[in-house]
*Asks:* 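Structure in structure tokens, see below.
In what follows, every chain begins at residue 1, and chains take the letters A, B, ... in the order their sequences are listed.
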Protein chains: 2
Amino acid sequence: MGRRAADIVREGLEQLILTGELADGAHLDEVRLATRFDVSRTPLREALQALSASGLVELIPNRGAFVRNPGIQEMVEMFEVMAELEGMCGRLAARRVSETALAEIDGAAARCEDALAQGDSDEYYRRNERFHQLLYAASGNGFLAKEALRLQKRLQPYRRMQLRVRGRMPQSMAEHREILDAIRAGDATRAERALRAHVAVQGEKFNDLLASLGPVA
Amino acid sequence: MGRRAADIVREGLEQLILTGELADGAHLDEVRLATRFDVSRTPLREALQALSASGLVELIPNRGAFVRNPGIQEMVEMFEVMAELEGMCGRLAARRVSETALAEIDGAAARCEDALAQGDSDEYYRRNERFHQLLYAASGNGFLAKEALRLQKRLQPYRRMQLRVRGRMPQSMAEHREILDAIRAGDATRAERALRAHVAVQGEKFNDLLASLGPVA
DNA sequence: CGACATCAAATTGTATACAAATTTATTGAC
DNA sequence: GTCAATAAATTTGTATACAATTTGATGTCG
């Protein structure tokens, strides 16, 4: 995958930000971080620019890079947008999905069930992710698929927490079945509504989640 | 705005790609472009990374940058997504817009009318852009607003052509009034539908437009 | 003749050196 | 003591030099 120094640094910085070791608003000193990751400033700057594009860092000309860790407010906003995009994917997929793609999605859902049966939440998370990605592709809109994928990646760390909530995993699975049913039936409206709700619930319940976990890790 | 060499180069490359001087799929040689823009490879690479983030070039590790100019297919897909996002903005704005923001939007629409009355399509384009941006902000979802703005910028060159189509400008203005009415009335459904249609028509009519203009400039 | 290994040229990735800008410290006046 | 102006120091932006990877050619063997 990413054997370039810049990519390794990017992933490392991502971790440092998401774990809170680099607090929101913190100034990112290039030389300090470069020595920390044992690389020169060149790949480090490249990593900062990539993070700026993905929104985790704000880049101010001639002043440097600052951590921009979304608060609850922005996180809810992102889930709201994600719900809309995924709903759109469902709507389009219900109309356009091919027989073979539907079979693939069905298979992905089945693999989610397996993970659920085994109570393996990490594995469920990965297969759930795959399930959604297949839906993006099934929309038949390549640009939409890419945008949805981008947002999914961006929300990844927060989404992951969700499954730890009591009873969320079985509920998620039930929603998957409903989504799959709607698409198989070609019911665009139902598919859109089901997917939108499936995603939106994560944003809406986020406050509860945070309260039950204490301060963000 | 962008006094940094990297920004200047980015804008320059953007132009070269959109005008077709750098054809789709073309390999972008770093040293050649650097000498052309009379800068070193460092800011040039920075520009390439920025363009990669915005989607105009594809960056393949250890192989270089390649022009990725969207064909009609992808352009229609982008308009489809834009229509969804703007529709969402309208839906939310109808519910959440403040009195002062509504007044601002009203003012922007009025300035569009002025430009229309004077038949100044360039000015209309700019004021129309502003009108839409105010709608994004009025959604009350800052993340959505940023995403919509990003896509708007990305579609800018293609959108600009639209207004040259016969009769498009007055029709656009009429749609603005309908949108504004719906939001003022707090009718979320109508606002969403109006905005979605307003944007979607541009994507749908794109084939006609291209046919009437000949090959992409 | 074609497949494959090997080496040279070209191109990308990274490190370091230098220039420009910003921030901080210092000095002097009021 | 506060503020303004200025100079030193820190930090970002750019240029150049070097390393590593890829590409294409050449030659050898089957």
*Asks:* Can you label the angle between the B/Tyr124 ring and the B/His176 ring as parallel, tilted or perpendicular, going by 30° and 60°?
*Replies:* parallel
*Asks:* If I take atom CZ in residue A/Arg32 and atom P in nucleotide D/dT11, what distance separates them, rounded to the nearest angstrom?
*Replies:* 8 Å
*Asks:* Ion pair present between B/Arg91 and A/Glu80, side-chain N to carboxylate O less than 4.0 angstrom?
*Replies:* no
*Asks:* Look for any protein N or O under 3.5 Å of an N or O in nucleotides 23-25 of chain D and output each such pair with its distance, or none.
*Replies:*
unit_1, atom_1, unit_2, atom_2, d
D/dT23, OP1, B/Arg63, NE, 3.2
D/dT23, OP1, B/Arg63, NH1, 3.0

*Asks:* Identify each donor-acceptor pair in which a side-chain atom of residues 148-157 of chain A lies under 3.5 Å from a protein atom, sequence neighbours left out, and give them as a table.
*Replies:*
unit_1, atom_1, unit_2, atom_2, d
A/Arg150, NH2, A/Glu147, OE1, 3.0
A/Arg150, NH2, B/Glu147, OE1, 2.7
A/Gln152, OE1, A/Gln133, NE2, 3.0
A/Gln152, NE2, A/Glu129, O, 3.4
A/Arg154, NE, A/Ser54, O, 2.6
A/Arg154, NH2, A/Gly55, O, 3.4

*Asks:* Please list, by residue number, the residues of residues 50-58 of chain A whose heavy atoms come closer than 4.0 Å to an atom of DNA chain C; answer none if no residue qualifies.
*Replies:* none
*Asks:* Between B/Glu192 and B/Arg95 (salt bridge meaning N to carboxylate O under 4.0 Å), is one present in this structure?
*Replies:* no
*Asks:* Categorize B/Val39 for me: base, sugar-phosphate, or nothing, with a 4.0 angstrom heavy-atom threshold over every strand shown.
*Replies:* sugar-phosphate
*Asks:* Whether the B/Glu86 and B/His198 side chains hold a donor-acceptor pair (N or O, under 3.5 Å, no angle test) is what I'd like checked.
*Replies:* no
*Asks:* Only distances under 3.5 Å count here; give the side-chain donor-acceptor pairs of residues 42-53 of chain A to other protein atoms, sequence neighbours excluded, each with its distance to 0.1 Å.
*Replies:*
unit_1, atom_1, unit_2, atom_2, d
A/Arg45, NH1, A/Glu30, OE2, 2.9
A/Glu46, OE2, A/Arg4, NH2, 2.8
A/Gln49, NE2, A/Arg45, O, 3.4

*Asks:* Looking at residues 40-49 of chain A, who's got a heavy atom less than 4.0 Å off DNA chain D?
*Replies:* A/Arg41, A/Arg45
*Asks:* Please determine if B/Glu175 and B/Arg168 form a salt bridge, counting it only when a charged side-chain N lies under 4.0 Å from a carboxylate O.
*Replies:* yes
*Asks:* Contact between B/Pro70 and B/Tyr158 at the side-chain level, heavy atoms closer than 4.5 Å - yes or no?
*Replies:* yes
*Asks:* Side chains of B/Glu77 and B/Gln73: is there a donor and an acceptor less than 3.5 Å apart?
*Replies:* yes
*Asks:* Are there over 12 heavy-atom neighbours, none belonging to B/Asp122, within less than 6.0 Å of that residue's CG?
*Replies:* yes
*Asks:* So B/Leu102 and B/Leu180, do their side chains get closer than 4.5 Å, heavy atoms only?
*Replies:* yes
*Asks:* Taking atom CZ as the centre, does A/Arg32 end up with more than 12 heavy-atom neighbours from other residues, nucleotides or ligands that are less than 6.0 angstrom away?
*Replies:* no
*Asks:* Using a heavy-atom cut-off of 4.0 Å across all strands, would you classify B/Leu59 as base, sugar-phosphate, or nothing?
*Replies:* nothing
*Asks:* Identify the 5'-most and 3'-most nucleotides of DNA chain C with at least one atom closer than 4.0 Å to a non-hydrogen atom of chain A.
*Replies:* C/dG13 to C/dT23
*Asks:* Write down the distance between CG (A/Asp29) and P (D/dG13), rounded to a whole number of angstrom.
*Replies:* 12 Å
*Asks:* For B/Ala101, does its backbone N or O pair with a side-chain atom of B/Ser98 as donor and acceptor, under 3.5 Å?
*Replies:* yes
